[in-house]
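Here is the naming used below: chain letters follow the sequence lines, and residue numbers restart at 1 for every chain.
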Amino acid sequence: MIIMKVLEQFEKECEDAVRQALVALGAPADTPLVKEIPDNADLAIPCFMLSKSLRKPPAAIAQEIAAQLKVPAGLITGVTALNGYLNFTADSAAIVRDTLTEITEKGKDFGKHAPTGLRVNVEHTSTNPTGPVHVGRARNPIIGDTLARCLRMCGHDVTTEYYVNDVGKQMVMMAWGVTNVTPAEVKQEIEETGKEDDRDKVDHRLVYNYRVATKKIHDDPVMEEQIAEMVRKFEAGDQATIDQVKGITEKMLGGIKETLSAMNVTLDRYTWESSLIASGAARQIVERLKATKYAGQAADGAWFLDLKDFGIHGKNTNFTFTRADGTTLYTTRDLAYHLDKFSRSDRVIDVLGEDQKLGSQQLCAALKIMSVEQKPEPLFYAFVALPEGRMSTRKGVVVYLDDLIDEASDRAYEEIKKRRNDLPENRMRAIARQIGVGAVRYNIVRVAPSKQLVFKWEEALNFDGNSGPYLQYVHARACSMLRKAGTFERDTDPAKLTDEYEIRLAKALAGFEDVLQDAGNNMHVHQLPAYGHKVAALFNQFYAEVPVLQAGASRNARLTLVECTKIVLANVLDCLGIAAPEEM
RNA sequence: GGGCGAGUGGCCUAGUUUGGAUAGAGCGGCGGCCUCCUAAGCCGCAAGUCGGGGGUUCGAAUCCCCUCUCGCCCGCCA
């Protein structure tokens, strides 16, 4: 059953009707028509742009077209002319019936598109494993994971992956710090910063070693030489050094994975940067680039690409792809990585911090130079800053995601305790966790990625209004009603759902698939929480105004509407990576 | 110096791609609503020169030009 088409069909009927009338009035049949969905009608068509060709005021045109139309016809139940607009009303009974029928038939597959066969790759998170994930970069896994979930609902074959940076001075320093920094130095670092992080988690413990190492290197020539030596060995393929770095990277990554998992984020695949060196893939990129006419070599031997013809602006349009000693650079290896992703994907999306804009542009230019047809689609997000400024792992100016999750869960626990005395302790804890994570994820994904955000505890821990817990609450409410109702016979008879609250709610439910397409295919992830909030708010209004369990003849129909709302909200929450608790 | 992004009530945000009716929400504030299905809720009130200035248009938050503020970037770092 293809029900969602009711709205589409209605639109088409309106358009056809207006076109016919226009021809009768002497306008060309291909006149472009603007369609809107306002509050006071189901579809509106403004007539202002017709005024030129018909040489009449818009209001008169609207009047004349309205007079020409034969209504009701099909799904159109009414048309009025107002202020130069044609306002159409749809057969709400058909919409209500078809929407509820489809939702009850499809259940959790409601809104899901048929398989498209399109292979979509979403790279996200990919944070350097030098410390715990902090809130400044937390947008990445949350946006990336939400996007991947939406794309799956759009019917695509989605692979998510994390590009693990285990190459370079930064990670060498990390490894050096773990083996050489003493407990006394760690203690001193804690005293100096005045902040102790006593969480027993590998990434939280080892980040002190990294911080001490980055501080020491400035005034310790011996250490500086040791690091340089390790980097040289690493670049030369010394297995012991490579394994040492890789071992530490794995440990840190383990901690990061734990955090992600707590946020309901899991990735399908991890690609290690060092593997692109080992496989020779990075080397091949170098050879391919060298052979192009844009390649050049500096006096000391470093190779670069001149990108001035590719929209790269600034002081220096050269993009260096090998060091003087011939070793590869980050972006060179990233090129190899992208070629690998292209070989197994039809669409490649990179969720990146806004500091990667130039790098991404250079990468695309280099791909073009190599005559690679495919291009990654970057999705940039601005960093979340603290009121006192940008977050920094090295400086210790951070709020860790683990701490945010814990704080949110603790607050949620207090809220539950206030209103429920019937639940066992472990149940309250479990629900609190779901609500805490829901609040955090929702709060971050609700804002368009390009907006710069300042992190504030009171906003991140918001459980009211436009928040994750608000949606969860409505879901729990609906579940509670259904529990109390017991078994009932589904009823999609629109004659029993004529209240304005019921019709508005049903129409909102019908819009889920469109929102999913926009959130997924157009990467407008932040539309999803907005939609969820709208549905939840409409449900709460319905709930406040319309009795359900005591509804007499309409009881089953209203329960069906409650069940459908529950299904849609559960689907929305699932796409947001937020649990849908049955009670709270 | 240059490139890219952001600027919408006290705070935060949607809408900008594809120009249309009185610019939607939320938080905070003020005032109502639990003898009824979860009050993490509902209803109402106050609060907006859509950063500023030009322009295009019947019509601009939306398009064009100029300008101001903030963020990010302009390593042979990753």
Side-chain angles (χ1 to χ4, degrees), chain A residues 32 34 36 38-40 44-49 51-52 57-58 82-85 87 128 130 165 167-171 273 298 300-304 311-318 320-327 329-331 333-334 353-359 361-362 380 382-383 385 390 412 415-416 418-420 435 439 443 446-454 456 458-459 462-467 469-470 472-474 476-485 522 524 526-527 529-530 533-534 536-537 539-541 543-551 558-559 562 583-584:
Chain A
V34 175
E36 305 170 45
D39 293 330
N40 56 352
I45 294 182
C47 299
F48 305 92
M49 65 290 270
S51 130
K52 227 171 212 169
L82 180 67
N83 303 333
Y85 286 83
N87 289 333
N128 287 351
T130 52
N165 164 239
V167 178
K169 190 171 173 181
Q170 209 176 160
M171 287 316 297
E273 192 179 343
D300 63 4
W303 283 86
F304 62 85
I312 308 287
H313 308 270
K315 293 172 186 162
N316 184 4
T317 56
N318 284 358
T320 305
F321 63 91
T322 78
R323 294 193 183 87
D325 65 5
T327 54
L329 292 156
Y330 174 81
T331 313
R333 301 186 288 268
D334 203 18
E354 60 180 340
D355 55 339
Q356 307 287 314
K357 279 179 188 172
L358 178 62
Q361 226 185 333
Q362 289 172 330
F380 295 113
F383 294 118
R390 193 176 172 172
E415 293 297 318
I416 293 180
K418 266 192 239 166
R419 53 201 98 201
R420 300 291 297 262
I435 292 167
N443 185 251
R446 61 175 253 267
V447 180
S450 58
K451 289 259 195 193
Q452 52 207 45
L453 280 182
V454 175
K456 290 180 191 122
E458 65 270 28
E459 280 171 20
N462 175 33
F463 296 162
D464 303 323
N466 190 6
S467 73
Y470 181 90
Q472 291 175 310
Y473 180 69
V474 169
R477 233 182 190 180
C479 286
S480 170
M481 293 168 84
L482 293 167
R483 261 196 313 275
K484 291 216 163 112
N522 298 335
H524 293 164
H526 65 290
Q527 293 302 333
H533 179 256
K534 180 175 135 191
F539 181 87
N540 275 333
Q541 289 164 14
Y543 175 88
E545 298 298 325
V546 183
V548 175
L549 295 179
Q550 313 296 327
R558 287 180 181 164
L559 278 167
V562 171
E583 57 181 343
M584 62 187 268

Separation between CD1 (A:Ile312) and CD (A:Gln361), nearest 0.5 Å, reads 4.0 Å
Please give the distance between the C1' atoms of B:C63 and B:G1 as a whole number of Å. 29 Å
Do A:Pro529 and A:His533 touch side chain to side chain, with heavy atoms closer than 4.5 Å? no
Quick one, A:Gln472 and A:Ser467 - any side-chain contact, counting heavy atoms below 4.5 Å? no
A:Arg477 vs A:Asn540 side-chain heavy atoms within contact, under 4.5 Å: yes
Between A:Asp325 and A:Thr327, do the side chains contain a donor N or O and an acceptor N or O under 3.5 Å apart? yes
Applying a 4.0 Å non-hydrogen cut-off, can you work out what A:Glu583 is touching in the nucleic acid: base, sugar-phosphate, or nothing? base
Taking the P atom in each of B:U57 and B:C74, what is the distance between them to the nearest angstrom? 43 Å
When A:Glu36 and A:Gln541 are each assigned the nearest nucleotide of RNA chain B, the 5'-most assignment goes to A:Glu36
What nucleic acid atoms does A:Gln527 come within less than 4.0 Å of, heavy atoms only: base, sugar-phosphate, or nothing? sugar-phosphate
The criterion is side-chain hydrogen bond (donor to acceptor under 3.5 Å, both in side chains); which residues satisfy it with A:Tyr473, sequence neighbours excluded? none
Can you list the residues that meet the side-chain contact (heavy atoms from CB on, under 4.5 Å) rule with A:Pro38, with sequence neighbours excluded? A:Asn40, A:Ala41, A:Ala44
Please report the distance, rounded to the nearest Å, between CG in A:Asn40 and C1' in B:G24. 14 Å
In whole Å, measure the gap between the C1' atoms of B:C65 and B:A21 for me. 29 Å
Answer yes or no: does a side-chain N or O of A:Arg483 lie under 4.0 Å from OP1 or OP2 of B:U38? no
Report yes if the side chains of A:Val447 and A:His526 come closer than 4.5 Å at any heavy-atom pair, otherwise no. no
What residues form a side-chain contact (heavy atoms from CB on, under 4.5 Å) with A:Glu273, not counting sequence neighbours? A:Tyr163, A:Asn165, A:Asp166, A:Val167, A:Tyr330, A:Arg333
Tell me what A:Val548 touches on the nucleic acid: a base, only sugar-phosphate, or nothing, going by heavy atoms under 4.0 Å. base
Using the 3.5 Å cut-off, write out each protein N or O paired with an N or O of nucleotides 39-41 of chain B and the distance between them.
residue, atom, partner, partner atom, Å
B:A39, OP2, A:Arg477, NH2, 2.2
B:A39, OP2, A:Tyr543, OH, 3.4
B:A40, OP2, A:Arg419, NH1, 2.0
B:A40, O5', A:Arg419, NH1, 3.0
B:A40, O4', A:Arg419, NH1, 3.1
B:A40, O3', A:Asp464, OD1, 3.4
B:A40, N9, A:Arg419, NH1, 3.4
B:G41, OP1, A:Gly465, N, 3.0
B:G41, O3', A:Asn540, ND2, 3.1
B:G41, O2', A:Arg477, NH1, 3.1

Syn if the chi torsion is within 90° of 0, anti otherwise; quick check, which is B:C34? syn
Gap in Å between the two C1' atoms, one belonging to B:G41 and one to B:U56, rounded: 48 Å
Rounded to whole angstrom units, what separation is found between the CD atom of A:Gln472 and the C1' atom of B:U38? 14 Å
Taking any heavy-atom pair under 4.0 Å as a contact, classify A:Ala44: base, sugar-phosphate, or nothing. base
Using whole Å, what does the distance between atom P of nucleotide B:G19 and atom CE of A:Met49 come to? 9 Å
Hey, does A:Ala382 reach any base, or is it just sugar-phosphate, or nothing, if we go heavy atoms under 4.0 Å? nothing
Contact class for A:Val562 vs. all strands (heavy atom < 4.0 Å): base, sugar-phosphate, or nothing? nothing
Expected label for B:G75 (glycosidic angle, syn inside 90° of 0, else anti) would be syn
Under 4.0 angstrom, heavy atoms only, what part of the nucleic acid is A:Arg333 near: base, sugar-phosphate, or nothing? sugar-phosphate
Between A:Gln356 and A:Pro58, whichever has its closest RNA chain B nucleotide further toward 5' is A:Pro58
Quote, to the nearest angstrom, the P distance that separates B:C11 from B:G28. 16 Å
Looking at B:C4, B:C76, B:C72, which one has an atom nearest to any side-chain atom of A:Lys357? B:C4
Tightest non-hydrogen contact, residues A:Pro46 and A:Glu36, listed as CG-OE2, 3.6 Å
A:Met481 side chain: which of B:U38, B:A21, B:C76 is closest? B:U38
What does B:A25 pair with, Watson-Crick or G-U, if both distances are under 3.5 Å? none
side-chain contact (heavy atoms from CB on, under 4.5 Å) against A:Ala485, all qualifying residues, sequence neighbours excluded: A:Leu549, A:Arg555, A:Leu559
Within 6.0 Å of CD in A:Gln550, more than 12 heavy atoms from elsewhere: no
Counter-base of B:A6, judged by Watson-Crick or G-U geometry with both distances under 3.5 Å: B:U69
Could you check which of B:C37, B:C76, B:A21 has an atom nearest any side-chain atom of A:Ser480? B:C37
Identify whether any heavy atom of A:Asp300 sits under 4.0 Å from a base atom; if not, whether one sits that close to sugar-phosphate; answer base, sugar-phosphate or nothing. base
Looking for any heavy atom pair under 4.0 Å, which part of the strands does A:Asn318 touch: base, sugar-phosphate only, or nothing? nothing
Answer with base, sugar-phosphate or nothing: what part of the nucleic acid does A:Ala324 contact at a heavy-atom distance below 4.0 Å? base
Between B:G54 and B:C45 - P atom distance, rounded Å: 34 Å
Please state the C1' separation for the pair B:U16 and B:G7 - nearest whole angstrom. 13 Å
Which protein N or O atoms sit under 3.5 Å from an N or O of nucleotides 8-13 of chain B?
residue, atom, partner, partner atom, Å
B:C12, O2', A:Arg446, NH2, 3.2

Rounded distance (Å) that lies between atom C1' of B:C76 and atom CH2 of A:Trp303: 14 Å
Nearest-angstrom distance, P atom, B:C64 to B:U69: 22 Å
